[in-house]
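Just so it is clear, the values below take in all heavy atoms, side chains as well, and ignore hydrogens, waters and symmetry mates. To find a chain, count down the sequence lines: A is the first, B the second, and so on, and within it residues start at 1.
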Protein chains: 2
Amino acid sequence: MTLDEAWRILQERQFKRTKNRETILAFFSENDRYLTAMEVRNFMALDNPGISFDTIYRNLTTFSELGILEETELYGERHFRMQCDHGVHHHHFICTACGKTRNIAHCPMESISVNLQGYEVEGHKFEIYGKCPVCVEQ
Amino acid sequence: MTLDEAWRILQERQFKRTKNRETILAFFSENDRYLTAMEVRNFMALDNPGISFDTIYRNLTTFSELGILEETELYGERHFRMQCDHGVHHHHFICTACGKTRNIAHCPMESISVNLQGYEVEGHKFEIYGKCPVCVEQ
DNA sequence: AGATAAACAGGAACGATTACGATTACTAGT
DNA sequence: ACTAGTAATCGTAATCGTTCCTGTTTATCT
């Protein structure tokens, strides 16, 4: 997801173009990995020490709902990253050291043979955790 | 996992047999689904209104580390249930209404074709969420 | 430029979890 | 059974991530 695509989505839905949103999107655009609200805050505080967590969480939630960001839960915290595959369904290997991800095209739901008749499936989660090659070296 | 098996593990590791541990294990033994610390507390408070969260979390963590309980994170909260398959690797369908689970024998890691050479895999999570047949009816 | 609704800052509140010092209860050894 | 030693517990306070609230500011549209 590019910045232009993100702004196009926001403008379509009539969200305003604010300094804070620009800063948040720029940060995700430059950091291709899962980030916490605290990491976002620390970056934003460089320019704007009075930035509010309310602002950060409100925007992160909005972006996530619009499909601009992807969201997952790790160690009891929300983590966000720029949407990578233009809405195409995929899963991730997530590096537990640096947060970087690697796409996993294979979705286990496609090949699942288990009989779930009578069940109403709402969603699923498939993630692989470990160290990426760069972090393995250290 | 039966109560006897749980106590055998605890005794092997020299954990003491206390009233609180008996109550916690009995509760899990009678409730075959994922439970929160709060649900455990509410049950324990019937007999012992002064029960401390410290005691509950300490024991739940101990049981989880010993493989007596299984643990997962849902909606930002830790959930626990009695270990079901004697340590045999498996995954779960989890009912978002009642917390009951259904085992999924198929593990996506077995059939994963993606090339993760150079990566150090530490673990993975595969869960399917939805409504079980009983909850679909309501 | 003015109107208006969205977005924001600052701080308080919240829920889940953990930490702590003082007390109690289990277990082993006599 | 009694007692010492240590694990487990209680009660409470603190912590952490996240959300809520209220008054103020800002972006956008006329």
### Query
Are any of the side-chain nitrogens in A:Lys131 or A:Glu137 under 4.0 Å away from the carboxylate oxygens of its partner?
no

### Summary
Between A:Leu35 and the options A:Phe80, A:Phe27, A:Phe43, the side chain to side chain contact (heavy atoms under 4.5 Å, CB included) test singles out A:Phe27

### Query
Does the side chain of A:Thr55 get closer than 4.0 angstrom to OP1 or OP2 of C:dA7 through an N or O atom?
no

### Task
Specify the separation, in whole Å, of atom CZ of A:Phe53 and atom C1' of D:dC16.
10 Å

### Whole-Å gap separating P (D:dA27) and CH2 (A:Trp7)
11 Å

### Message
Without decimals, in angstroms, what is the distance between B:Leu10 CG and D:dA8 C1'?
### Response
13 Å

### Query
Would B:Glu71 and B:Arg78 pass as an ion pair if we require N to O under 4.0 Å?
yes

Give the table of side-chain donor-acceptor pairs shorter than 3.5 Å for residues 9-19 of chain A, with sequence neighbours excluded, one pair per line with atom names and distance.
residue, atom, partner, partner atom, Å
A:Glu12, OE2, A:Arg8, NH1, 3.2
A:Arg17, NE, A:Glu22, OE2, 2.9
A:Thr18, OG1, A:Arg21, N, 3.2

### Message
Output the rounded distance in Å from CZ (A:Arg58) to C1' (D:dT22).
### Response
13 Å

### Query
Taking only N and O in the side chain of B:Asn48, is any of them less than 4.0 Å away from OP1 or OP2 of D:dT9?
no

### Message
Looking at B:Lys125, I'd like to know if its NZ atom is crowded, meaning that more than 12 non-hydrogen atoms belonging to other residues, nucleotides or ligands lie closer than 6.0 Å.
### Response
yes

### Message
Using a 4.0 Å heavy-atom cut-off, does B:Arg21 contact any base of the nucleic acid, only the sugar-phosphate backbone, or nothing at all?
### Response
sugar-phosphate

### Message
In this structure, how many angstroms lie between the P atom of D:dG17 and the OH atom of A:Tyr34, rounded?
### Response
19 Å

### Message
Could you tell me how far apart A:Met44 (CE) and C:dG10 (C1') are, to the nearest whole angstrom?
### Response
15 Å

### Query
Please give, in whole Å, the distance from D:dT19 C1' to A:Leu60 CG?
13 Å

### Message
Could you walk me through whether B:Met38 and B:Glu77 satisfy the side-chain contact (heavy atoms from CB on, under 4.5 Å) test, starting with their C-alpha distance in whole Å, then the side-chain angles of each, then the deciding distance to 0.1 Å, before giving a yes or no?
### Response
CA-CA 10 Å; B:Met38 182 58 80; B:Glu77 295 174 31; over 6 Å; no

### Query
Is the distance from OP1 or OP2 of C:dC8 to the nearest side-chain N or O of A:Asn59 less than 4.0 Å?
yes

### Query
Does OP1 or OP2 of D:dT18 have a side-chain N or O of A:Arg41 closer than 4.0 Å?
no

### Message
Please report the distance, rounded to the nearest Å, between CD1 in A:Ile56 and P in D:dC16.
### Response
17 Å

### Query
What is the per-nucleotide protein-contact pattern of nucleotides 20-30 of chain C, from the 5' end, where B denotes a base atom under 4.0 Å from a protein heavy atom, S denotes such proximity for sugar-phosphate atoms only, and - denotes neither?
B-----BS---

### Query
Between B:His91 and A:His124, is the gap from one ring center to the other below 6.0 Å?
no

